[in-house]
Amino acid sequence: MTLRTIDSLGPLAGKRVVVRCDLNVPLRDGVITDDGRVRASVPTLTTLVAQGARVIVVSHLGRPDGAPDAKYSLAPVAARLGELLDRSVGFAADTVGSDAAAKVAALGDGEVLVLENLRFNAGETSKNEAERTAFAGELAEFADAVVSDGFGVVHRKQASVYELEQLRPSAAGLLIAAELDVLDRLTENPERPYAVVLGGSKVSDKLGVIAHLLPRVDALLIGGGMLFTFLAATGHKVGSSLLESDQIETVQGYLTEAAERGVDIVLPTDVVVAASFSADADHVVAAADSIEATPFGASGLGLDIGPETATAFADRIRGSKTVFWNGPMGVFELAPFAAGTRVVAEALTEVDGLSVVGGGDSAAAVRQLGFEDDQFGHISTGGGASLEFLEGKKLPGLEVLGWQ
Ligand code: ADP
Ligand code: MG
């Protein structure tokens, strides 16, 4: 619990500080469609600028193949960062090449420079430790100190997240500190009742978090694609809905454990069943025990929780003091199947206590449905990272910053 803070780096005026941010924003035709992660990086950068540091920002964007690829350039992100910081922000056309070296050397106190996408360099994500260390060494040439603030990547052992921090004095930025503060409140003595709402596509992705949370929560509400594996585990037929048959036994184990612990696992009593996976498909509401009794028979697809379930979930959420939500309740990308997710999101905004949204698609869903970030207690910038934290795993990018 001893995360090193920026203060521990001493006076930073005139020092070159490499800041590892997570500026991995969604882009459409070179335009940023959600700048949440850029906004989240501002407090740390503002602090460093105010101290007169020479600020060098590094990040990844998308999954380029370890080589330059114009569609993953950070140039539009650097421009947006300049608007948000209200100052001119430089941009280097490479990460550790001659342009970066020249622009770093020319950087003045309190100025900000963004280097091109880290993942244009194979060493960043290499499985080979020596290759990662070599690339981190090139980045370290630019750094008197390192600030790690890319919360979305702290569960990854990558050069800029793990090796670089060991080569120079390093500390966590304000975003990582804020994210951990919230996650801590979810794991250490959460205010009760504590409800966790899980949805999304695959139950197997979330088994670890279910196992870790069961002893800690009062209620677990199950929606999304994973609900069908739970319904199957309680003896229901689920038509052609998402089903992970190989997880049924594990899920039955959780249901038994929950009953022994007095934890409520709340399963849907109704679902929206569609003829096919499309926005204009015929669909009806069916009781959870008669999914195959609709006109679509065994080919029906469950694509959302039903209205009765959504109301029950919302009541349960509003009656809780701590709520963590990961995973959309249905296929929110298609308008007819977004209602369950909207009702649950609405209820989270009304929690008298701490409400947290975690997960990339969940965060995108609430913004797409028109909610504002500040209606929730917290929207995590890191889906995988926050889930792994809640699973109780050790995250390499936090361990190098002193976290235990
Ligand atoms: P997050 O990124 O928030 O962790 P996931 O990646 O686990 O969430 O899941 C998000 C996806 O789950 C969405 O694309 C959504 O369409 C899908 N989904 C939700 N409910 C269903 C369902 N009933 N059938 C199929 N897919 C679903
Ligand atoms: Mg996702």
Side-chain angles (χ1 to χ4, degrees), residues 22 24-26 34 36-37 62-63 151-153 155 183 196-210 213 221-232 236 238-244 247 267-268 270-279 281 283-286 288 291 294 296 299-307 309-310 313 323-345 348 355-369 371 373 376 378-391:
D22 175 6
N24 182 27
V25 293
D34 175 8
R37 282 179 165 164
R63 293 176 181 246
F151 180 70
V153 282
H155 57 315
L183 289 173
V196 169
V197 190
L198 291 177
S201 44
K202 291 177 74 183
V203 72
S204 48
D205 284 351
K206 320 247 164 145
L207 288 175
V209 73
I210 295 175
L213 287 174
L221 317 186
I222 306 288
M226 70 164 74
L227 78 86
F228 301 99
T229 304
F230 276 81
L231 288 184
H236 297 315
V238 299
S240 300
S241 311
L242 265 189
L243 173 64
E244 289 176 81
Q247 305 296 342
L267 299 181
D270 62 349
V271 295
V272 179
V273 180
S276 65
F277 196 99
S278 82
H283 55 276
V284 294
V285 174
I291 292 176
T294 73
F296 322 123
S299 66
L301 287 174
L303 297 184
D304 195 10
I305 56 174
T309 302
F313 281 15
V323 182
F324 173 72
W325 173 30
N326 167 260
M329 294 293 99
V331 183
F332 72 95
E333 297 93 334
L334 306 178
F337 312 110
T341 301
R342 179 180 289 110
V343 170
V344 160
L348 254 91
S355 62
V356 180
V357 182
D361 291 290
S362 307
V366 299
R367 292 183 182 129
Q368 185 185 311
L369 293 172
F371 294 92
D373 289 23
F376 302 91
H378 182 71
I379 299 186
S380 178
T381 53
S386 50
L387 280 180
E388 289 199 16
F389 185 93
L390 291 177
E391 280 171 41

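Atoms within a ligand are numbered from 1 in the order they appear, just like the ligands themselves.
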May I have the step-by-step check of side chain to side chain donor-acceptor pair (under 3.5 Å) for S204 and E244, ending in yes or no?
-> CA-CA 8 Å; S204 48; E244 289 176 81; 2.6 Å; yes
Ligand 1: which residues have a non-hydrogen atom closer than 4.0 Å?
->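 Only G200, S201, K206, G224, G225, F228, L242, G302, L303, N326, G327, P328, G330, V331, E333, G359, G360, D361, S362 have heavy atoms that fall under 4.0 Å of ligand 1, ordered by chain and number.
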Measuring from N326:CG to S386:OG, what's the distance to the nearest 0.5 Å?
-> 7.0 Å
How many angstroms lie between CZ in F151 and OG1 in T381, if you round to the nearest 0.5 Å?
->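 Spacing of CZ (F151) from OG1 (T381) equals 6.0 Å.
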Candidates T309, V197, V343 - the one meeting side chain to side chain contact (heavy atoms under 4.5 Å, CB included) with M329 | V197
List the steps and the verdict of side-chain contact (heavy atoms from CB on, under 4.5 Å) for L267 and L227.
-> CA-CA 7 Å; L267 299 181; L227 78 86; over 6 Å; no
Taking C-beta and beyond as the side chain, do V272 and L303 meet within less than 4.5 Å on heavy atoms?
-> no
Could you tell me whether the side chain of L231 reaches within less than 4.5 Å of the side chain of I291, counting heavy atoms only?
-> yes
Work out which heavy atom in D304 is nearest to a heavy atom in A339; give both atom names and the distance.
->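 Taking every non-hydrogen atom into account, OD2-N, 3.4 Å.
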Note on the Mg ion (ligand 2): protein N/O/S atoms within less than 2.8 Å are D361 OD2
Would you sort out whether R367 and I379 count as a side-chain contact (heavy atoms from CB on, under 4.5 Å), showing the intermediate values?
-> CA-CA 10 Å; R367 292 183 182 129; I379 299 186; 4.0 Å; yes
